[in-house]
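As structure tokens, the structure follows; a few thoughts come after it.
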Amino acid sequence: MTITTPHLGSPAGAWTDAQLLYALEEVVEKELNRHLQVAKDWMPHEYVPWSDGRNFPGLFEDGEAWEKEQSKVTEIGRIALVVNLLTEDNLPSYHHEIASLFGRDGAWGTWVHRWTAEEGRHGIVMRDYLLTSRAVDPDQLERFRMSHMSEGFESDNRHSMLHSVAYVAFQELATRISHRNTGHQSGDPLCDRMLSRIATDENLHMVFYRNLLKAAFELAPDLTMQAVRDVVVNFRMPGHGIPGFERAAAQMAIGEVYNLRIHHDDVLQPVLRFLKIMEIDGLGPEGRKAQEELGLFMGGLDSEASKFDEKLAARKARMAARAGA
């Protein structure tokens with residue numbers, strides 16, 4: 001992919017993915033060093049209530065079958081935890097995609113492997129917690145995992161390095177918000193603490209990609225604006241291929257784990273504000289068009305979110321009325 005309008009730093013008046021990767025290498029190294037200074041190592045096993053664990057049926061004659069009542073986790077917490085864990089389970093596919101796009105050498109490669117190692121902790125601690133606390137049906141969880149991972153994962157943005165950077169800048173924040181809200185809605189302080197720890201990692205990952213995206217705007221503003229426009233307008237969470245995802249997403253929206261209002265206010269807007277996306281000037285025709293379309297889309301999304309808010313408020317009012325009847 002190239003852009004025909006030359007900008008400061010463009011090697012030959014036009015940008016390719018390979019040129020942008022090279023041009024951003026210094027920024028990647030700077031952000032990697034910053035990340036390593038502020039990121040704190042943590043031990044997944046320290047967040048798991050091991051003393052609550054007991055055998056499941058199988059090799060153990062004294063195994064106890066799973067029942068929903070064995071866990072203090074709420075129904076919406078259980079649904080969201082399964083979606084969040086299955087999303088984390090596809091880490092091998094995510095690693096393959098970003099390693100193919102960003103490379104395995106230099107600062108880019110160091111970041112790719114570090115990110116993968118940190119994300120690996122999330123799946124480890126979540127699965128250990130869920131099984132030890134009996135928050136989910138272990139047989140169903142494993143069937144879901146096999147089905148989801150057997151399908152593999154292909155990003156909507158794998159065709160472009162800039163699209164991929166733009167996507168993860170928003171997606172990492174979306175994941176952070178989803179984990180954080182799941183913890184709040186889980187009904188279990190231990191689960192809340194675990195997911196808060198994961199959310200901290202996701203926020204640091206978002207900062208890395210957000211700052212990288214800012215640097216890309218300085219190098220190739222038109223192309224970066226088009227990438228952001230495309231990603232925002234067509235955004236999908238990476239777990240959209242999970243079995244039963246649409247129903248689970250609807251339940252998570254009603255349960256206020258993740259919905260249109262949250263997506264608009266807590267995910268898209270913070271990144272766009274940081275980048276001062278609507279204040280960027282000096283764009284060429286395609287960049288200006290993308291900027292205008294992005295502004296229109298955000299206005300429409302806010303209107304849709306307001307309609308959802310009204311429906312959710314009406315639903316809460318009906319439930320409160322029934323409870324008081």
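The analysis underlying the following values was restricted to heavy atoms, covering all of them including side chains, and did not include hydrogens, waters or symmetry mates. Nothing here was measured: the structure is a model prediction, and the numbers come from that model.
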So, the side chain of [X] versus the backbone of [Y]: is there a donor-acceptor pair under 3.5 Å, distance only?
{"X": "Trp108", "Y": "Leu21", "value": "yes"}
{"X": "Asp302", "Y": "Met298", "value": "no"}
{"X": "Ser164", "Y": "Asn157", "value": "yes"}
{"X": "Glu97", "Y": "Ser155", "value": "yes"}
{"X": "Trp66", "Y": "Phe56", "value": "no"}
{"X": "Ser147", "Y": "Arg143", "value": "no"}
{"X": "Asp17", "Y": "Met161", "value": "yes"}

List the atom pairs, donor and acceptor, that lie under 3.5 Å between side-chain atoms in residues 262-269 and the rest of the protein, sequence neighbours left out.
unit_1: His263; atom_1: ND1; unit_2: Tyr258; atom_2: OH; d: 2.7
unit_1: Asp265; atom_1: OD1; unit_2: Arg261; atom_2: NH1; d: 3.0

What are the two closest heavy atoms between [X] and [Y], and how far apart are they?
{"X": "Asp192", "Y": "Gly183", "answer": "OD1-C, 3.2 Å"}
{"X": "Pro285", "Y": "Asp222", "answer": "N-OD2, 4.5 Å"}
{"X": "Pro189", "Y": "Gly187", "answer": "CD-O, 4.0 Å"}
{"X": "Met278", "Y": "Gly295", "answer": "CE-CA, 3.9 Å"}
{"X": "Ala65", "Y": "Arg134", "answer": "O-NH1, 3.4 Å"}
{"X": "Gln185", "Y": "Val257", "answer": "CG-CG2, 4.1 Å"}

Is the closest side-chain heavy-atom distance between [X] and [Y] below 4.5 Å?
{"X": "Leu81", "Y": "Leu85", "result": "no"}
{"X": "Leu272", "Y": "Leu294", "result": "yes"}
{"X": "Tyr129", "Y": "Val73", "result": "yes"}
{"X": "Thr87", "Y": "Thr175", "result": "no"}
{"X": "Arg176", "Y": "Met206", "result": "no"}

All N/O donor-acceptor pairs, side-chain side in residues 39-51, below 3.5 Å, sequence neighbours left out:
unit_1: Asp41; atom_1: OD1; unit_2: Arg121; atom_2: NH2; d: 2.9
unit_1: Trp42; atom_1: NE1; unit_2: Asp201; atom_2: OD2; d: 3.0
unit_1: Trp50; atom_1: NE1; unit_2: His45; atom_2: O; d: 3.0

Step by step, would you call Glu75 with Lys68 a salt bridge (Lys or Arg N to Asp or Glu O under 4.0 Å)? CA-CA 9 Å; Glu75 182 63 19; Lys68 187 180 296 186; 3.5 Å; yes
One pair to check against salt bridge (Lys or Arg N to Asp or Glu O under 4.0 Å): Glu31 and Arg34. What are the steps and the verdict? CA-CA 5 Å; Glu31 289 302 316; Arg34 180 199 56 76; 2.9 Å; yes
I need the full list of salt bridge (charged side-chain N to carboxylate O under 4.0 Å, His left out) pairs touching residues 273-297, with sequence neighbours left out, sorted by first then second residue.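 Sorted result for residues 273-297: Arg229-Glu293.
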Just to verify, what does Thr224 make a side-chain hydrogen bond (donor to acceptor under 3.5 Å, both in side chains) with, not counting sequence neighbours?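 Testing Thr224 for side-chain hydrogen bond (donor to acceptor under 3.5 Å, both in side chains), a comparison that skips the adjacent residues, returns none.
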Begin from the C-alpha positions of Arg127 and Asp89 and carry the test side-chain contact (heavy atoms from CB on, under 4.5 Å) through to its verdict. CA-CA 10 Å; Arg127 175 166 279 99; Asp89 276 336; 2.8 Å; yes
Assess the residue pair Leu24 and Val165 against the criterion (side-chain contact (heavy atoms from CB on, under 4.5 Å)); give the C-alpha distance rounded to whole Å, side-chain angles, the decisive distance to 0.1 Å, and a yes or no. CA-CA 11 Å; Leu24 289 169; Val165 170; 5.9 Å; no
Please set out all donor-acceptor pairs under 3.5 angstrom arising from side-chain atoms of residues 100-107, sequence neighbours excluded.
unit_1: Ser100; atom_1: OG; unit_2: His96; atom_2: O; d: 2.7

For Ile98 and Trp111, what are the C-alpha separation, side-chain angles and deciding distance, and is it a side-chain contact (heavy atoms from CB on, under 4.5 Å)? CA-CA 10 Å; Ile98 65 171; Trp111 167 253; 5.6 Å; no
Stepwise side chain to side chain donor-acceptor pair (under 3.5 Å) test for Thr182 and Asn84: CA-CA 9 Å; Thr182 299; Asn84 291 351; 3.2 Å; yes
In Å, rounded to the nearest 0.5 Å, how long is the span from CG of Leu283 to CD of Gln291?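 Reported to 0.5 Å precision, the distance equals 5.0 Å.
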Show me, pair by pair, the donor-acceptor contacts under 3.5 angstrom made by side chains of residues 230-247, not counting sequence neighbours?
unit_1: Asp230; atom_1: OD2; unit_2: His163; atom_2: NE2; d: 2.8
unit_1: Asn234; atom_1: ND2; unit_2: Asp230; atom_2: O; d: 2.9
unit_1: Arg236; atom_1: NE; unit_2: Asp156; atom_2: OD2; d: 3.0
unit_1: Arg236; atom_1: NH2; unit_2: Asp156; atom_2: OD1; d: 2.9
unit_1: Arg236; atom_1: NH2; unit_2: Asp156; atom_2: OD2; d: 3.3
unit_1: Arg236; atom_1: NH2; unit_2: His240; atom_2: NE2; d: 3.4

Side-chain ion pair, Glu142 and Arg145, N-O less than 4.0 Å: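 A salt bridge links Glu142 with Arg145.
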